[in-house]
Amino acid sequence: MPSFDTVCEANFVEVKNAVENTAKEIGTRFDFKGTSAAVELKDKEITLFGDADFQLQQVEDILRNKLTKRNVDVRFLDVQKPQKIGGDKLKQVVKVKNGIDSEQAKKIQRLIKDSKLKLQAAIQEDKVRVTGAKRDDLQAAMALIRKDMADLPLSFDNFRD
């Protein structure tokens, strides 16, 4: 049976490169000299440091530009609220989404069922596998998912005939 997997995974090699490029740019920019502006990556979290909200926003803008240049969708970023860390310094955590959470997976499954296409959608951990008899139905399902789930940076892999 033909099938494909719907996944939500960022290219972490490119994310790491973008964070390193951001750190380089922060180190060379004149307006960041002598400040605590920095960026670091641990597991699937990017932490931004700065002296003020404005500076945190600038660091985030640089990061978004570097990610975009490396073809990483900025919809993968889940920006948290800034937190105070000693004195007047701020820290902001940016989580990199990886995998489809159960609520979104159920939404995709319901979308496939309501589409009246002869397909089955099964939730498997952090991805949704769609199977069906016809390849054309699977391609229609991909288009439907892309259109209705525009807020998620979804991709499709393991397309099998």
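Worth saying up front: this structure is predicted, and the values here are computed from it rather than measured. Computed from heavy atoms alone, side chains included, the values below leave out hydrogens, waters and symmetry copies.
Distance alone, capped at 3.5 Å, places no donor-acceptor pair between the R70 side chain and the N65 backbone. Listed for the Q120 side chain is no donor-acceptor partner under 3.5 Å among the backbone atoms of V130.
With rounding to the nearest 0.5 Å, the separation of CD1 in I46 from CD in Q92 is 11.0 Å. Between E14 atom CD and N21 atom CG the span is 9.5 Å, to the nearest 0.5 Å. Separating the CG atom in D101 from the SG atom in C8 is a distance of 8.5 Å, to the nearest 0.5 Å. To the nearest 0.5 Å, the span separating CG on D157 from CD on E9 amounts to 7.0 Å. Interatomic distance, S155 OG to M142 CE, rounded to the nearest 0.5 Å: 10.0 Å. To the nearest 0.5 Å, the span separating CZ on R146 from OG1 on T6 amounts to 9.5 Å.
Under a hydrophobic clustering in which Ile, Leu, Val, Met, Phe, Trp and Tyr are joined whenever their side-chain heavy atoms come within less than 4.5 Å, directly or via other members, L119 and M149 fall into the same cluster. Note: the hydrophobic cluster containing F49 does not contain L77 (ILVMFWY, side chain heavy atoms under 4.5 Å, direct or indirect links). By the criterion of side-chain heavy atoms lying less than 4.5 angstrom apart, applied directly or through intervening Ile, Leu, Val, Met, Phe, Trp or Tyr residues, L56 is grouped together with V19 in one hydrophobic cluster. Criterion: ILVMFWY side-chain heavy atoms under 4.5 Å apart, direct or through other members. Under it, V93 and V39 are not part of a common hydrophobic cluster. Criterion: ILVMFWY side-chain heavy atoms under 4.5 Å apart, direct or through other members. Under it, V7 and V128 are not part of a common hydrophobic cluster.
At a threshold of 4.0 Å, the pair K66-E25 counts as salt-bridged, since one of the basic side-chain nitrogens sits closer than that to a carboxylate oxygen.
Considering all non-hydrogen atoms of both residues, Q109 and A121 come closest at NE2-O, 2.8 Å. When all heavy atoms of P82 and D53 are compared, the closest pair comes out as CG-OD1, 3.9 Å. Heavy-atom minimum distance, T131 versus L138: C-CD2, 4.1 Å. Smallest separation of non-hydrogen atoms from A141 and L117: N-CD1, 4.1 Å. Minimum heavy-atom separation, A133 to M1: N-CE, 4.1 Å. Annotation for F32 and A37: closest pair CD2-CB, 3.6 Å, computed over non-hydrogen atoms.
There is a side-chain donor-acceptor pair under 3.5 Å between Q55 and T35. Between the side chains of Q139 and D137, no donor-acceptor pair of N or O atoms lies under 3.5 Å.
Between F159 and F4, the ring planes lie parallel to each other; the angle is under 30°, not in the 30° to 60° tilted range.
Looking only at side-chain heavy atoms (C-beta outward), K84 and L90 come within less than 4.5 Å of each other. The closest side-chain heavy-atom distance from V59 to L63 is not below 4.5 Å. Considering only heavy atoms from C-beta on, K95 comes within 4.5 Å of Q80 through its side chain. With contacts defined as side-chain heavy-atom distances shorter than 4.5 Å, the pair I145/I112 qualifies. Using a 4.5 Å heavy-atom threshold, the side chains of Q58 and R29 count as touching. In this structure, the side chains of L48 and E60 come closer than 4.5 Å at one or more pairs of heavy atoms. Within the 4.5 Å cutoff, no side-chain heavy atoms of V15 are placed close to those of F76. No side-chain heavy atom of D148 sits less than 4.5 Å from a side-chain heavy atom of K107.
Annotation: K33, atom NZ; neighbour count of heavy atoms from other residues, nucleotides and ligands within 6.0 Å is above 12. Remark: K97 NZ is packed, more than 12 non-hydrogen atoms of other residues, nucleotides or ligands lying under 6.0 Å away. In the displayed structure, Q124 atom CD is contacted under 6.0 Å by more than 12 heavy atoms of other residues, nucleotides or ligands. Within a 6.0 Å sphere centred on CG of D43, other residues, nucleotides and ligands contribute 12 heavy atoms or fewer.
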Could you walk me through whether K91 and T47 pass side-chain contact (heavy atoms from CB on, under 4.5 Å), step by step? CA-CA 7 Å; K91 164 179 120 173; T47 310; 3.6 Å; yes
Applying side-chain contact (heavy atoms from CB on, under 4.5 Å), run through I100 and L154 and close with a yes or a no. CA-CA 9 Å; I100 302 172; L154 297 174; 3.8 Å; yes
Trace of the side-chain contact (heavy atoms from CB on, under 4.5 Å) decision for K42 with E40: CA-CA 7 Å; K42 282 188 186 161; E40 65 182 39; 3.7 Å; yes
side-chain contact (heavy atoms from CB on, under 4.5 Å) between T22 and I26, worked out: CA-CA 6 Å; T22 304; I26 289 170; 4.0 Å; yes
